[in-house]
2 protein chains.
Amino acid sequence: MKFESQPSYSLGQRTPASREVAAGENGGNVTLVSQSALGAINRGRVLQALYDNGPKSRADLARLAGVNRTTITGIVQPMIEDQLLVEGDASPSDVKGGKPARPLYFNPDAPMLGAVLLLPGTIQTCLVALTGEIKAVAKAEFDTHGDTEAFIAVMTETLTATLSQAQQAPFGIGVASAGMIDSDNGTILTVNLAPVLTGLPLVAILQERFSLPVVIDHHPRALLVGDRWFGPGRGQQNFAAVYTGEVLGGAFFIDGKVYRGLAGSGGELGHSVVQIDGALCNCGKHGCWETVAALPWLRKEAARLSFPHPKSVTCARLVKEADEGSKAAEELLDRYTRNVAFGIVNLQQTLSLNSYVLHGDVAGGGLKAAELIRQHVEQLVVKRPGQEISITVNGIGEGHTALRGAAGLVLSSHLKLVI
Amino acid sequence: MKFESQPSYSLGQRTPASREVAAGENGGNVTLVSQSALGAINRGRVLQALYDNGPKSRADLARLAGVNRTTITGIVQPMIEDQLLVEGDASPSDVKGGKPARPLYFNPDAPMLGAVLLLPGTIQTCLVALTGEIKAVAKAEFDTHGDTEAFIAVMTETLTATLSQAQQAPFGIGVASAGMIDSDNGTILTVNLAPVLTGLPLVAILQERFSLPVVIDHHPRALLVGDRWFGPGRGQQNFAAVYTGEVLGGAFFIDGKVYRGLAGSGGELGHSVVQIDGALCNCGKHGCWETVAALPWLRKEAARLSFPHPKSVTCARLVKEADEGSKAAEELLDRYTRNVAFGIVNLQQTLSLNSYVLHGDVAGGGLKAAELIRQHVEQLVVKRPGQEISITVNGIGEGHTALRGAAGLVLSSHLKLVI
DNA sequence: AGCAGTTAGTTTGTACCTCGCACAAACTTA
DNA sequence: TAAGTTTGTGCGAGGTACAAACTAACTGCT
C-alpha cells in the first residue's frame, strides 16, 4: 500500500519555540512517558496530596488517590528513610475499631527552601520550611539605576546571610521578581522601574555562587504558587491570582498546573484592552486595563474629586473612609472595584476559572473590597447555569505570600509535576 | 466470564463519560498514574504523532518520541493486527544503505467517525475517515422554534442516512453545536437562535439510538480540533481558534491539550469587554467585543456609511471592493480588522499562545484580512523580545473543518490524552 | 478475659511497561 | 561478493503498580 504525502499546512510562519525544543531534544513534539518518569510523577503527586490535605496516613492517601495501599507504602517508605517525611503519633481513628493510623507529614527538620523577592529597589530573602514556616528573613536595598556588579554584590550578601542560617543545604532557591521574566532561560528581561536588572541572567549567577538549583518567575506567578501551596488556592485545581497596585498582573493555575506560556509569558493582564482608544497607558497603547484599575488611576481620580491627600489613597483607605460614612469614598471605591472587575470578567469569559485570589492594593480592602468586586463581576459576566464565582483576598502579608510562592517554585520544579 | 477481549488501545467501546468517572471515583483531587494508564497514554501519543507527522516508520516514530524502537514495535503491533494501522510498501530510505523502512499509517478501511454539525436551523452529518476524508455528507433543516420530538426525529433520520453508509460501525459520533454546551454532561444549555434545543441531553439521546460513544462540544472548540487534527494547527502545541460572524467565539489548544473549563466552559470571548460602558450587547451588557467585531456591527457601519446593500456586507466583500479600489471599503475593512484584533490582543496578553487560526467571516477575507489583523495585533500588543505572532485563516470550507473537528472530538476523547 | 470484627501497614508474587542487547533481514556501496 | 548500514524483532533486566494474604492494633460484645 502507498500513502499519499500529507498536505503541509504551514501557512503561518511557525517560529521554532524554545519550549518545544526543551520538550524534546528530538525534533519532534511527542514525548512518551517512561517507566521511571511514572514513578517520579506519582511520587510528586503523593507529596502534593500531602501538601494539599495536610498530614494523612498511608491508607488515607491511598483512598485519596484511588490506588493500592501498598503503592503508597512503596512511595513514602524511601522518603521516610530519607527523613523528608516523618510518621506522626498514632491517632485514634475516627471510625470505630481498627488499627490506628500513623499520619505522615513533612519533617520540620528537613532541608528548607531559599526564597527571594525582588522588587524595584528592594531585595527580600528568607528560608521557607516545607511546612510553610518562614525563617531567617533578610532585607536589603539596591540602586535601581546603579551598577550591575553592585546589585549582584548586595544580592549575594543578603542571600548568604539568610542561607547561612540553615542547618542543612536548602533544596534550592526560588526567585520572584517584578517585571518581565524569561523563566525558561532564567533571565530578567525588563523591569520598568529598575533598569539595572535588564537582561540579567540571575539564575545562572545564583546557581554559580550557591551551587544550588535556582528557579525564577515573575511576581504574580509567585503569588499564585504561594496561594496554591499555602494560601486560599490550596487543593484547588483551577484558579487565578490577580495582582493590583502600581501595575496589574495575573497568573493562572489551570487543571492542576501553573500556566506558563512560551518562555514564561502569559498573565500580562495589565495591558489587555478594556477601553478601545481610551486613556494613554505607560506602554504607549490606549485603554489598557491598567489605565483604569491601577493605583495611578485611583490617585488621579482622588485628586480630581478633591480628596484630601490624594497621593496616599489606597483601597484600604477608601474602605475605611466609606465605613466611616464618607459617600465620596464609597462612590470612588465602587468605581474602582468595578474597574478592577472588568479585568476579572474578561478572564472569566476567556478561561472560566471561577475562582480568583486578589493581591496587592485591593487585597488591602479586605472582605469588603472582595465582595464589591464579586458583585460587579457577577453583574458583568455572562453566567452559565450553576456557575459560582468566588473572589477571595489573601489575608497574609503580601511579601509572605510571594516569598512562600518563590519557595513553592523550587518545590514544584523539584517535584517534577510537569506532566 | 471475562470481557477482556477488547484491546486496551481500542478507540471504541468506551463511555464518553470516562472523564467524569475518572475524576469522580475518588473524592480527592489527586490521581496517580497506573501502569496500564501509562500504556494507554503512550499508545495515544504514538497515534497522535502519526496524525501530526503523516505516515512514519517504527524507527522514525522512535526517534520522534525519543524512545526505543522496540517500544514502538510493542505499541503498534497489536494495532496492526487489529487492522487499525497498516504497513505501507517499503519505501527506499532517503539515507544511503540499510533496510528500507515500512511506513505505518491509519488503515483507510478502519472504522470511521460520525460527525454532526448543529447550527440554528440546519443539521449536517458526515462520516470522517481516520485519514481525514469526508464521506456520506447529509444535510437537513429543522424548525428552530418547533417541537423537540420533531427535531430528534430529523436528527435521527439524517444521522441514520449517513451512518448506514459505513461498512463497519463507526468508532463514535462527535457533535459540534452552536450555543452554550455542557460537554461534561453532554447537554445543550442554550442556543440563542434555536430555542428548541434548550436543555436537550443530546448525547444521551444519540447514545441510546445508535449505541455508540457520543461526544458533544461547542462550535469553536470543534473548529479548534479540526485545525489541530487536519488543519493549520496540525502538530502545534499552543494555538487558539477564533470564530467571527454573527457571534464571536474561541477555543484554545494549550500545552498539547484542548482547553475545557468546568462543564466545557471557556472561550466565550464574544462577551469579554473591550469598551467599558460601550454599546449595548444582545447579552444585556455593554461594550462586549461582539458589539464591535461581529457582523451586526459591520452591517450597521456599512449602513451608516451609505454602502450599497449594507445587509450583505462581509469581510470577503470588503476585501474584494478594497482590491477594486474602493477607499471606503478599505477604511471600513481596516476598522473592522482592528476591532477584531482587540479580542486577539487581549487573548495574547492573557495566554500568549502566539498563534491564532481565524474562522468564519474574517476567514472569508483570506490572506489580506489575516495580514491586516496581524498588523493591528502587532501594534496593539506588548511584545516580548523574540516573540512572533502568527495569524492564519483556515482555507478549507467552514463546514468541513467543523465536521472534521467534531470527528476529532471522538478521536481525542478516546485516545485518552488526558495526561 | 476472650473472641469476633475492623482497619492499618507489610510481605510476597504477578502483570505490565520500557530499555538495552543481540540478531536476522534487506538494501547500498565498493 | 564482502563490508557497512538501517530496520525490525526476540529476550532478559529493571522498575512500577496491583492483588492476595498476612500481621499488628484497636473496639465492642459476650
Side-chain angles (χ1 to χ4, degrees), chain A residues 26 30-46 55-81 85-104 416 419, chain B residues 2 4 7-9 25-26 30-46 55-81 85-104 416 419:
Chain A
N26 46 34
V30 218
T31 33
L32 300 196
V33 185
S34 78
Q35 204 76 8
S36 49
L38 187 143
I41 293 163
N42 283 352
R43 271 190 291 276
R45 295 202 178 173
V46 167
K56 283 268 173 284
S57 70
R58 297 165 178 83
D60 278 341
L61 286 172
R63 274 189 294 266
L64 212 59
V67 298
N68 198 289
R69 288 203 308 278
T70 56
T71 305
I72 300 293
T73 297
I75 289 176
V76 298
Q77 212 55 47
M79 294 177 172
I80 293 175
E81 279 161 25
L85 301 181
V86 283
E87 223 170 10
D89 291 331
S91 66
S93 80
D94 44 352
V95 291
K96 42 191 160 187
K99 177 177 172 177
R102 307 288 307 270
L104 300 172
K416 296 222 172 194
I419 210 154
Chain B
K2 282 190 173 183
E4 290 176 351
S8 49
Y9 61 81
E25 246 169 12
N26 44 13
V30 218
T31 35
L32 300 198
V33 186
S34 77
Q35 208 79 2
S36 51
L38 185 141
I41 291 161
N42 283 352
R43 275 189 290 274
R45 294 202 179 173
V46 167
K56 283 270 172 284
S57 71
R58 296 168 179 79
D60 278 341
L61 287 171
R63 274 189 295 265
L64 212 59
V67 298
N68 199 288
R69 288 205 305 279
T70 54
T71 304
I72 300 292
T73 297
I75 288 176
V76 298
Q77 213 53 45
M79 294 177 175
I80 294 174
E81 279 162 25
L85 301 180
V86 283
E87 222 171 11
D89 292 331
S91 67
S93 78
D94 43 352
V95 291
K96 40 193 160 189
K99 178 176 173 177
R102 309 286 306 271
L104 300 171
K416 289 224 156 195
I419 207 158

Give a yes/no answer on whether the side chain of [X] brings an N or O atom under 4.0 Å of OP1 or OP2 in [N].
X	N	result
Asn42(B)	dT18(C)	yes
Thr71(A)	dC18(D)	yes
Thr73(A)	dG9(C)	no

Among [options], find the nucleotide with the atom closest to the side chain of [X].
X	options	answer
Ala59(A)	dC27(C), dG9(C), dC17(C)	dG9(C)
Lys99(A)	dA24(D), dC17(C), dT7(D)	dA24(D)
Ala101(B)	dA25(D), dT7(D), dG9(C)	dT7(D)

Point-to-point distance, once rounded to the nearest 0.5 Å, from [atom1] of [X] to [atom2] of [Y]:
X	Y	atom1	atom2	value
Leu85(B)	Ile75(B)	CG	CD1	11.0 Å
Ile41(B)	Arg43(B)	CD1	CZ	10.0 Å
Arg69(A)	Ser57(A)	CZ	OG	9.5 Å
Thr71(A)	Leu61(A)	OG1	CG	11.5 Å

Tell me the interatomic distance from [X], atom [atom1], to [N], atom [atom2], rounded to whole angstroms.
X	N	atom1	atom2	answer
Arg45(B)	dC17(C)	CZ	C1'	15 Å
Ile80(B)	dT9(D)	CD1	C1'	12 Å
Ile72(B)	dC17(C)	CD1	P	14 Å
Lys56(A)	dA8(C)	NZ	C1'	15 Å
Met79(A)	dG9(C)	CE	P	16 Å
Leu61(B)	dT18(C)	CG	C1'	16 Å
Arg58(A)	dA25(D)	CZ	C1'	14 Å
Leu38(B)	dA15(C)	CG	P	19 Å

Val76(B) or Ile75(A): which one's nearest nucleotide on DNA chain D is closer to the 5' end?
Val76(B)
Under a 3.5 Å cut-off on both pairing distances, which runs of 3 or more consecutive Watson-Crick or G-U pairs involve DNA chain C?
C:1-30 with D:1-30
Closest approach of Asp89(B) and Pro103(B), non-hydrogen atoms and distance?
O-CD, 3.2 Å
At their closest point, which heavy atom of Arg58(B) faces which heavy atom of Arg102(B), and how far apart are they?
NH1-O, 4.2 Å
Derivation of the side chain to side chain contact (heavy atoms under 4.5 Å, CB included) call for Arg45(B) and Val33(A):
CA-CA 9 Å; Arg45(B) 294 202 179 173; Val33(A) 185; 3.8 Å; yes
Between protein and nucleic acid, restricted to nucleotides 21-23 of chain C and to nitrogen or oxygen atoms under 3.5 Å apart, what atom pairs and distances do you find?
none

